[in-house]
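Letters A, B, ... are given to chains in the order of the sequence lines, protein chains preceding strands, and every chain is numbered from 1. Just so we're clear, the structure is a prediction, and the values are computed from it rather than from any experiment.
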Amino acid sequence: MSTEPSAERGPWSLALRRFLRNRLAVAFLGLFVLIVLFVLAAPLWADNVAHTGPNEEHTVEQITVDGEKKDVVTPEGKPIGPQWFGADGKFFLGADGRLGRDEMVRLMYGGRTSLQIGITAALIATILAVVLALLAGYFRGWVDGLIARTLDTIWSLPVFLIGLALGIALAVGGLKIGPLELSSGSIWNPILVISIFTVPYIARPIRGQVLALSEKEFVEAAVAQGAGPVRVMFSEILPNLASTIIVFFTLMIANSMLFEAGLSFLGAGVQPPNSSWGTMITVGVELLNIQPLLAILPGLMIMLTVLALNIVGDALRDALDPRGKARMDAALEFEAQGGIATGQQGATA
Amino acid sequence: MTRFIVRRLVAMIGVLFAVSVIVFVVFMVLPKQNPAQTLAGKNATPGLVKNIEEEWGFDDSLPVQYATMMKKVFTGELTSYKPRLPVDDRIIEGIPATLSLAVGAAVIWLFFGLLLGYLSAIRAGGWLDRILTGVSIAGISIPVFLLAPVLLYFLSYKLEIFPNAQYVPFSEDPYEWARHLILPWFTLALLSIGFYSRVLRSNMLDVMNEDYVRTARAKGLSERKVMTRHVLRNSLIPVITLFGLDFGATIAGTAIITEAIFSIDGVGYYAAEAVKKFELPPIMGVALYGAFFVVLLNALVDIAYAYLDPRVRLGESASE
């Protein structure tokens, strides 16, 4: 700790300042906010501009583009391409296939589903992981043994493959565990699959941190004051995990969205009539030769969202963990020096 | 060493058992509807459901049902129901295509990953390093379901440089085999190329700081020898471990999506088609065999790693 924090600034506002100094991360945070606004605007665009819903079919309709009549879907089954504002915003990005649904409207609503699943799954996985990590790290002994073993087992599984199996089993048969019941088309099915299989990625590192924290004097002090396990875990240890949790949560949203897209692309995730960016790619790939944008646009949206979240997550880690940042800076400095040296030597060799 | 191998194999058997129980629970216990109905798929006839119910013994207790399932899977009795076809045969048929895809992609990602990582490390901080860093970050960020359609559209449909996928067996025509697989290979490899070059680069930069590297320089070895014999060699161990784990994960993950997009008639394509048709027995088979393969591979990698690095088998963490 070389820098003296000024008296009125807490650690959070210092972290915020460090984050804001990272221009790239701020730019990508902006991009993520734009994507969120884009999907939130879905009903506005659908009602006021496109005048259609995400699942409304326009198979045999015609639209007027610059005073000319055009088929939404030609008799040969070719969907109309992007019209931009040629038809007052109708079919802005064209139609999605034989069914003649508005691609722009679908992209906005599909993004809602993708983001909703990504955020909810990440939230559930994070909460589960934190609770498990607290229990394992605080009680140790057989509780830790059981939890750590279970996490290790899930960790060593081919998660996507087992997730695919669970996804399709739920998509066919629905779910019933005790009072929890889900129908086969529910978007809670992919959320459940993703959150179960991503828990170890968060729980393992956090468990390590809990183990380390529970050795600290402040925990001992709390126990000496008569604090029970719940208080120690949730009001002594938990606040110290906040920065790690925030970072993992951000990264997990990105991870969950990729997982969802993979499942949905294959058909084991979001089920019709719902759609997500993943299911849109499936539709698009079938028409790749005719309308490549139908596959590429949703893929691009996933990539941008995931990239933005990953960059923001990394920047948050740097901002919230200044000692990690210092280590990073030292490493970069070393790399730069080594680079100059080896660069010269490499050139002569 | 023997003790380590035994311990690792016992752990592996535990995980294999856990995998089979998870698959059993996924298909037989979790679904809300009758498992026979689930296995029969959507819109199955009541007659078929009744047949499946008797065949699988869904009236028995759960442990007996579990034994029935395992027996069916490992004696090749597992069949899909629409139409009735043995699952094992179809999986075996798909293995050459899947291995061609995965092994070829692995060769490409190791070659380019290590080459780019090495170049990046010996020029760390320079313009080449910056460019390669940018390229690998871009590579890591592009998901297969974006990369595959883009490559397929531009290089196959538009420029017609490569054929529109399909799989040609190696024994039939090695040239066509490779030509048909180039796009899928690179699709599958690109993400790992970016990742491996990053990992190798940072490992090499760590190793360059070691005393024995200074010793090697001090005794007058040429820079190239220091880099290849001392720095590169010692940076490779973690990369090899990573490779063992990634290879299995790739076969059981992104390879399925790649096979589906490029219509490569392998195990992943079989699974993807089964998902589309809501046919569950093939998925049960692929999930079980795939998971077994991956778990086995991971155990072998761990043993190989322990053989290469004594600290592991003595119980220390080698990564620290």
Side-chain angles (χ1 to χ4, degrees), chain A residues 149-150 152-154 156-162 164-177 181-184 258 261-262 265-268 278 281-282 284-285 288-289 292 295-296 298-300 302-303 306-307 310 331-332 334-340 342-343 345-346 348-349, chain B residues 14-15 18-19 22-23 26-27 30-33 35 37-38 41-42 121-126 129 141-150 152-153 157 205 208-209 222-224 227 248-249 251-254 256-257 260-261 271-272 274-276 278 280 283-284 286-287 290-291 294-295 298:
Chain A
R149 266 299 144 71
T150 313
D152 284 350
T153 308
I154 298 181
S156 61
L157 294 177
V159 168
F160 186 74
L161 189 58
I162 306 284
L164 184 70
L166 181 55
I168 192 66
L170 297 183
V172 173
L175 173 88
K176 188 170 166 64
I177 325 173
E181 239 186 279
L182 296 174
S183 73
S184 55
L258 281 177
F265 170 75
L266 289 173
I281 299 177
T282 319
V285 164
L288 191 61
N289 207 0
I296 293 172
L300 207 59
I302 296 172
M303 187 184 104
V306 168
L307 189 64
N310 281 336
L332 286 175
F334 159 71
E335 282 175 21
Q337 287 168 353
I340 295 160
T342 52
Q345 284 155 347
T348 53
Chain B
V15 175
V19 167
I22 290 174
V23 170
V26 161
F27 286 99
L30 286 184
K32 184 167 58 178
Q33 53 172 236
Q37 190 109 41
T38 309
K42 280 193 173 164
I122 61 172
R123 297 269 198 282
D129 180 37
S141 311
I142 303 178
V144 267
F145 30 78
L146 175 60
L147 182 63
V150 168
L152 195 57
Y153 179 72
Y157 293 155
L205 291 175
M208 276 179 205
N209 218 17
S222 74
E223 187 59 27
R224 187 186 298 175
M227 281 301 160
I251 288 189
T254 31
I256 303 177
I257 298 173
I261 297 181
V275 169
K276 264 191 211 156
F278 293 108
L280 294 199
I283 312 210
M284 181 190 271
V286 173
V294 171
V295 171
N298 289 354

Tell me, side chain or backbone of [X] under 4.5 Å from chain B's heavy atoms, or both, or neither?
| X | value |
| --- | --- |
| A/V172 | both |
| A/L288 | both |
| A/T150 | neither |
| A/L258 | both |
| A/L175 | both |
| A/L266 | both |
| A/L182 | backbone |
| A/I281 | side chain |

Provide the closest heavy-atom pair for [X] versus [Y] in the form atom of the first, atom of the second, distance.
| X | Y | result |
| --- | --- | --- |
| B/P149 | A/V285 | CG-CG2, 4.1 Å |
| A/A169 | B/T38 | O-CG2, 4.1 Å |
| A/A261 | B/F145 | CB-CZ, 3.4 Å |
| B/A291 | A/P158 | CA-CG, 3.5 Å |
| A/A165 | B/I283 | CA-CG2, 3.8 Å |
| B/G253 | A/F160 | CA-CD2, 3.8 Å |

task = Using a cut-off of under 4.5 Å on heavy-atom pairs, state which of B/Q33, B/K32, B/K276 scores highest against chain A.
result =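 Between B/Q33, B/K32, B/K276, the count favours B/K32.
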
task = With sequence neighbours excluded, tell me which residues meet side chain to side chain contact (heavy atoms under 4.5 Å, CB included) with B/I142.
result =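 Listed in chain order: A/M303, B/L146, B/L147.
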
Rounded distance (nearest 0.5 Å) linking atom [atom1] of [X] with atom [atom2] of [Y]:
| X | Y | atom1 | atom2 | value |
| --- | --- | --- | --- | --- |
| A/L170 | B/F27 | CG | CZ | 9.5 Å |
| B/L30 | A/L166 | CG | CG | 6.0 Å |
| B/I257 | A/L164 | CD1 | CG | 9.0 Å |

ask   = Tell me, side chain or backbone of B/A260 under 4.5 Å from chain A's heavy atoms, or both, or neither?
value = side chain

Heavy-atom pairs under 4.5 Å with chain B: which of [options] has the most?
| options | answer |
| --- | --- |
| A/L307, A/I296, A/N289, A/L157 | A/N289 |
| A/I177, A/L300, A/T282 | A/L300 |
| A/G267, A/G174, A/G278, A/A295 | A/G174 |

Result of checking B/I261, B/V144, B/V275 against A/F265 for side chain to side chain contact (heavy atoms under 4.5 Å, CB included) = B/I261

